[in-house]
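Taking it in order: structure first as structure tokens, then the write-up.
Hydrogens, waters and symmetry mates play no part in the numbers below; they use all other heavy atoms, side chains included. Because the structure is a prediction, the values reported are computed rather than measured. For the single chain, residues carry numbers from 1 onward in sequence order.
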Amino acid sequence: MSQRSKQFHLNAFLMGVGHHEAAWRHPRTNADDVRSVGHFAELGRIAERGKLDSVFFADGLAVGPRIKHNALATFEPVTLLTAIAGATEHIGLIATSSTTYSDPFTTARKFASLDHISGGRAGWNIVTSAGEDEAANFGLDAIPDHLGRYQRAEEFVDAAVALWDSWEDDAVVLDPDTGVFADPDKVHAIDHAGAHFRIRGPLNSPRSPQGRPLLVQAGSSESGKDFAARYAEAVFTAQRTLAQGQEFYRDLKARVTAHGRHADELKVLPGIVPFIAPTESEARELEREFTELISPDYALRQLSAILGVDLTAHSLDAPLPPLPSVHEIQGNKSRYELVKELAESDALTVRELIGLLGGGRGHRTFAGTPEQIADELQLWFEQGAADGFNIMPPYLPGGLTDFVDQVVPILQRRGLFRAEYTASTLRGHYGLAHPSSQFAASRARNSA
């Protein structure tokens with residue numbers, strides 16, 4: 001099947017009152033919405049009106065340096081998505097949870113619960129947590145090393161999947177006449193014993209509607225791409241040019257097939273921050289309004305955290321100072337490389353760099369008309385750089401409303417995006433099969 005005869009996927013990455021770091025200061029937003037569950041429930045309904053595949057919430061485990069100048073994410077995302085589940089019927093619900101500062105049993109249980117509550121719409125964005133402030137909140141003096149975090153993550157996901165699989169699909173009997181609640185032959189201990197975890201199991205939650213949640217990943221380092229190729233079913237990524245997107249897409253799909261999976265089992269979704277207006281000049285003016293509201297003090301602290309260099313006393317009108325090698329970075333290597341390459345390739349001053357990063361922290365920003373936004377998405381999809389897109393509205397709710405009401409209908413008329421939901425689960429939205437329990441498969445082989 002050609003790319004043109006296929007349709008792509010759309011996820012709405014929702015953050016506070018918008019992805020632009022100054023969104024809360026702009027008159028198009030209400031800053032107090034960051035504390036309103038009703039605000040986020042309405043965003044879920046807007047995304048569902050546009051027939052989007054899913055909504056996604058990032059998460060961090062520390063306040064960090066931003067408290068003075070930026071509106072924080074207020075809610076733990078699985079809890080928040082449980083509320084959104086009750087306000088929606090179809091939209092997928094993806095939450096971030098760390099493998100570095102949690103355990104497989106707790107994580108498997110909360111995502112199974114979200115999947116049950118939502119009727120099969122849960123997804124897990126797997127992160128390894130790269131912030132020093134996060135490490136300090138869990139009794140550590142430094143970030144665990146990059147390779148070690150991914151090794152722990154691999155064992156973590158293996159154990160979580162085994163826990164979700166520990167109940168076979170038909171294990172629950174619920175026969176009041178015989179008094180049988182569940183078939184004990186179809187509920188399994190996992191007896192996991194590894195370098196980081198020992199877990200007997202089974203999970204104390206029956207198999208959920210999807211079997212297991214959609215597995216999502218966002219790291220683009222070498223370790224991150226290898227991890228994604230083995231486990232992920234959707235990848236949120238950040239490339240700023242079509243050529244970069246095509247290179248990443250080819251590389252990741254090749255790694256997927258090298259792991260014995262079909263390339264279509266993983267969906268690549270680059271991020272885009274769309275500023276939408278009736279004319280291109282109006283869209284660019286809108287973007288400029290937001291850029292002018294950036295707090296240099298906040299932006300410098302954010303940039304310092306990304307690059308691992310203290311820039312708070314550095315001149316805004318000078319280029320970046322010499323930066324460490326990526327091999328010296330234990331934090332987010334892929335974001336470090338993206339920002340470093342952006343600054344050095346265009347010889348940007350620090351002021352110019354923080355202006356470019358203000359909209360999406362390295363994700364591509366695009367200011368234009370609804371037709372121009374649709375053209376750009378179609379180009380990346382048809383030229384082999386994406387299976388869909390991670391839409392990151394710069395302000396909320398208006399930026400999401402504009403995309404849903406103005407861009408989505410264009411994509412639908414072009415046959416690039418669904419006009420109605422055709423599946424009831426998040427896996428179904430992404431065209432993925434219901435996974436079999438590994439224990440059911442093993443029992444079937446043994447009885448054959």
Hey, can you tell me if F381 and F8 have their rings parallel, tilted or perpendicular (30° and 60° cut-offs)?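 F381 vs F8 ring planes: perpendicular.
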
Residues [X] and [Y] bridged, charged N to O under 4.0 Å:
X    : Y    : result
K267 : E233 : no
D145 : R152 : no
D375 : R414 : yes
E376 : R364 : yes
R284 : E287 : no

Any chance the side chains of Q239 and T237 put a donor and an acceptor closer than 3.5 Å?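 Side-chain D/A pair, Q239 to T237: present.
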
Would you say that [X] contacts [Y] through its side chain, given a criterion of any heavy-atom pair below 4.5 Å between the two side chains?
X    : Y    : result
F111 : L214 : no
N390 : I272 : no
D402 : V407 : no
E134 : N137 : no
T88  : R121 : yes
L416 : Q378 : yes
H429 : T422 : no
P394 : P274 : yes

Considering residues at least two apart in sequence or located in another chain, which fulfil the salt bridge (charged side-chain N to carboxylate O under 4.0 Å, His left out) criterion with E222?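 Expected list: K225, R255.
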
So, [X] side chain and [Y] main chain: donor-acceptor pair closer than 3.5 Å or not?
X    : Y    : result
Q217 : V127 : no
R418 : K51  : yes
E155 : F197 : yes
W164 : G211 : no
E247 : Q244 : no
K253 : L266 : yes
T257 : A254 : yes
R28  : G398 : no
Y231 : E154 : yes
Q246 : Q383 : yes

side-chain contact (heavy atoms from CB on, under 4.5 Å) with [X]: which of [options]?
X    : options               : value
F57  : V78, T96, L80         : L80
F389 : V268, I373, L10, L269 : L10
I91  : L52, L426, N11, I46   : L52

According to side-chain hydrogen bond (donor to acceptor under 3.5 Å, both in side chains), does anything in residues 206-216 pair up with another residue at least two apart or in another chain? List the pairs.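 Found D115-S208, D115-Q210, D165-R207, D165-R212, D169-R207.
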
Within a reach of under 6.0 Å around [atom1] of [X], are more than 12 heavy atoms found that belong to other residues, nucleotides or ligands?
X    : atom1 : result
R230 : CZ    : yes
R288 : CZ    : yes
E292 : CD    : yes
E132 : CD    : no

H90 vs E48, side-chain hydrogen bond (donor to acceptor under 3.5 Å, both in side chains): CA-CA, chis, key distance, verdict: CA-CA 7 Å; H90 302 286; E48 186 165 272; 5.4 Å; no

For a side-chain hydrogen bond (donor to acceptor under 3.5 Å, both in side chains) check, start with the C-alpha distance between Y430 and S54, then their side-chain angles and the critical distance, and finish with the verdict. CA-CA 9 Å; Y430 280 95; S54 47; 2.8 Å; yes

Starting from the C-alpha separation in whole Å, work towards a yes-or-no answer on side-chain hydrogen bond (donor to acceptor under 3.5 Å, both in side chains) for S98 and S129. CA-CA 6 Å; S98 173; S129 297; 2.7 Å; yes

Apply side-chain hydrogen bond (donor to acceptor under 3.5 Å, both in side chains) to residues Y249 and D387 and explain how you reach the verdict. CA-CA 9 Å; Y249 188 93; D387 295 308; 2.6 Å; yes

F156/W124 aromatic ring centres below 6.0 Å: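 Yes; W124 has its ring centre under 6.0 Å from that of F156.
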
Within the 6.0 Å centroid threshold, strictly below: H20 and Y395: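 Not close enough - the centres of the two rings lie 6.0 Å or further apart.
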
Apply the ring-ring contact (aromatic ring centres under 6.0 Å, His included) test between F13 and each candidate in F403, F236, F56; give the one that qualifies.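 Result for ring-ring contact (aromatic ring centres under 6.0 Å, His included) with F13: F56.
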
